[in-house]
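Let me begin by presenting the structure, written as structure tokens, before commenting on it.
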2 protein chains.
Amino acid sequence: MATNKPLERPKSLGQVLTFATAATGAMCQELLAAHDLTLAQWVILSALWRRDGMLVSEIADYTGNNAPAASRIIDRMAERGLVTRVPDGEDKRVVRVHVTEMGLGLKHLEDFHERVNTQLLEGISAEEADTLFRLLRQVDANARRATGSGAEMAGKQLRGQAGEGNE
Amino acid sequence: MATNKPLERPKSLGQVLTFATAATGAMCQELLAAHDLTLAQWVILSALWRRDGMLVSEIADYTGNNAPAASRIIDRMAERGLVTRVPDGEDKRVVRVHVTEMGLGLKHLEDFHERVNTQLLEGISAEEADTLFRLLRQVDANARRATGSGAEMAGKQLRGQAGEGNE
DNA sequence: GGCATAATGTTTACACGGAAATGATTTACA
DNA sequence: TGTAAATCATTTCCGTGTAAACATTATGCC
């Protein structure tokens, strides 16, 4: 029927970024579905496998979300029995998140992101991949600089454990 | 307090993509908030400014979402008075979305994406920007190829109006 | 010690995205 | 012609993300 040919999309970096990210996310979700895990849950698990007992705020900082989002994902992970919340003895505001046996049972997914990386970078040379990482970090920095008068986000940059890590 | 230094994030393309996209989206949302528009709403408006009366399915295809998502965003846009739903005379299944006067009043935001582009690409040469677009499309294609047995998405690729910018 | 302030986590309200199911309509074809 | 299949839009359910308000607890400063 296609009376009209599809409307052309303007050449927009945001658009290409969004599409690539959505496709990547969909691929990850599909791969993780076999283990009844969402991508957001895997990200948190992969952090806890390396450092058990992280605070909710640390997890939020790690994943790049704000605390409410992290808190809710932890809710679901706790319902599924992947983690438990343990109130801290010293600081009574603090909640430490611990992996359960069941959560440890998925530790074979530790290198999931590496398999995804190779999948995504197929047909792209190592040099080009480096360029891609560098440019994406630059775009990220440009966007953050232009946001919120640049102020309150100071601590939330994409930490440069690649570009020229000034850390 | 930082008893622990923040946990290192692994070098994952998905992670960098997600962060760059989130930062870009946040920047757009902040810029559009002055006009009481969300990014998703602007994307649809920018399509309708060029082709009024698109079908919901065409809009969904244009934005890269599924129909339910598009339908809901159109709901909110209709509530805000930006668009109206008009049942089609010939095909009674179809709903055409039309911009209202109020929606046309925002047409000065037509080139919003171009301003975002320049903002995001600051400090990046034209050649590097081309490389970035090319690599992102490659990553997108790689992800889609690995998803859903590659079948049903046939029509939803990132249309290559950029092979080499034929615009 | 006592009080203002900050930090931590949660809840609520809103916007967005995907999958599946449903209703209505159109098309295909037998 | 008449029924099955395809198409279009919507609804519902779930997961995620942001912002704002809130309760609880720590901290700092007098």
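Since the structure is predicted, the reported quantities are computational estimates derived from the model, not experimental observations. In the text below, chain A, chain B and the rest are named by the order of the sequence lines, each starting its count at 1.
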Please tabulate, one pair per line, each protein N/O and nucleotide N/O from nucleotides 15-17 of chain D that are separated by under 3.5 Å, including the distance.
from   : atom 1 : to      : atom 2 : distance (Å)
D:dT16 : OP1    : A:Thr38 : OG1    : 2.5
D:dT16 : OP2    : A:Arg76 : NH1    : 2.8
D:dG17 : OP2    : A:Asn65 : ND2    : 3.1
D:dG17 : N7     : A:Arg72 : NH2    : 2.8
D:dG17 : O6     : A:Arg72 : NH1    : 3.1

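- Note: B:Leu136 CG to A:Leu13 CG = 6.5 Å, rounded to the nearest 0.5 Å.
- When distances run from any side-chain atom of B:Lys92 to the nucleotides D:dA9, C:dT8, C:dT26, the shortest one goes to C:dT26.
- The two residues B:Thr24 and A:Gly14 have their closest heavy-atom pair at CG2-CA, 4.3 Å.
- Counting only heavy atoms from C-beta on, B:Val94 has its side chain closest to D:dC8 among C:dT8, D:dC8, C:dT10.
- Of all heavy-atom pairs spanning A:Lys11 and B:Asn117, the tightest one is O-ND2, 3.0 Å.
- Here OG1 of A:Thr100 is found 10.5 Å from CZ of A:Arg80. Values are rounded to the nearest 0.5 Å.
- Distance, A:Asp61 CG to C:dG9 C1': 15 Å, rounded to whole Å.
- For the helix from C:dG1-D:dC30 to C:dA30-D:dT1, the angle separating the two terminal helix axes comes to 10°, with each axis derived from five pairs and the value rounded to 10°.
- Summarising the geometry, the separation between CD on A:Glu30 and C1' on C:dG18 is reported as 13 Å, rounded to the nearest angstrom.
- Rounded to whole Å, atom C1' of C:dG17 lies 15 Å from atom CD1 of B:Ile74.
- Between A:Ser71 and the phosphate of C:dT11, there is no side-chain N or O to OP1/OP2 separation shorter than 4.0 Å.
- Taking 4.0 angstrom as the limit, B:Ser57 places none of its side-chain polar atoms (N or O) nearer than this to OP1 or OP2 of D:dT7.
- Here the OG1 atom belonging to B:Thr38 is positioned 9.0 Å from the CG atom belonging to B:Leu45, to the nearest 0.5 angstrom.
- The two residues A:Asn142 and B:Gln119 have their closest heavy-atom pair at CB-O, 3.6 Å.
- Rounded to an integer number of Å, the gap from OH of B:Tyr62 to P of D:dC8 is 20 Å.
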Enumerate the protein-to-nucleotides 20-22 of chain D contacts in which both atoms are nitrogen or oxygen and the separation is below 3.5 Å.
none

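- Rounded to the nearest 0.5 Å, atoms CZ (B:Arg51) and OG (B:Ser46) are 12.5 Å apart.
- Between B:Asp130 and B:Arg134 there is no salt bridge, since no side-chain nitrogen of the basic residue lies less than 4.0 Å from a carboxylate oxygen of the acidic one.
- Across all non-hydrogen atoms, the minimal contact from A:Phe112 to A:Leu32 is CZ-CG, 3.7 Å.
- In this structure, B:Ile44 places its CD1 atom 12 Å from C1' of C:dA15, rounding to the nearest Å.
- Contact check on A:Arg145 versus B:Glu122 returns a salt bridge, with a Lys/Arg side-chain nitrogen under 4.0 Å from an Asp/Glu carboxylate oxygen.
- The CE atom of B:Met77 sits 13 Å away from the P atom of C:dA15 (whole-angstrom rounding).
- For A:Arg93 and D:dT24, a side-chain-to-base donor-acceptor distance below 3.5 Å is absent, hydrogens and geometry of angles not being considered.
- Between A:Lys92 and A:Asp88 there is no salt bridge, since none of the side-chain N atoms of the basic residue sits less than 4.0 Å from a carboxylate O of the acidic one.
- One interatomic measurement links the two molecules: CZ of B:Arg96 to P of D:dT10, which rounds to 13 Å at whole-angstrom precision.
- Scanning all heavy atoms of the two residues, the minimum distance from A:Glu8 to B:Arg50 falls at O-NH1, 2.7 Å.
- Computed from coordinates, the A:Asp88 CG to D:dT24 C1' distance equals 14 Å when rounded to whole Å.
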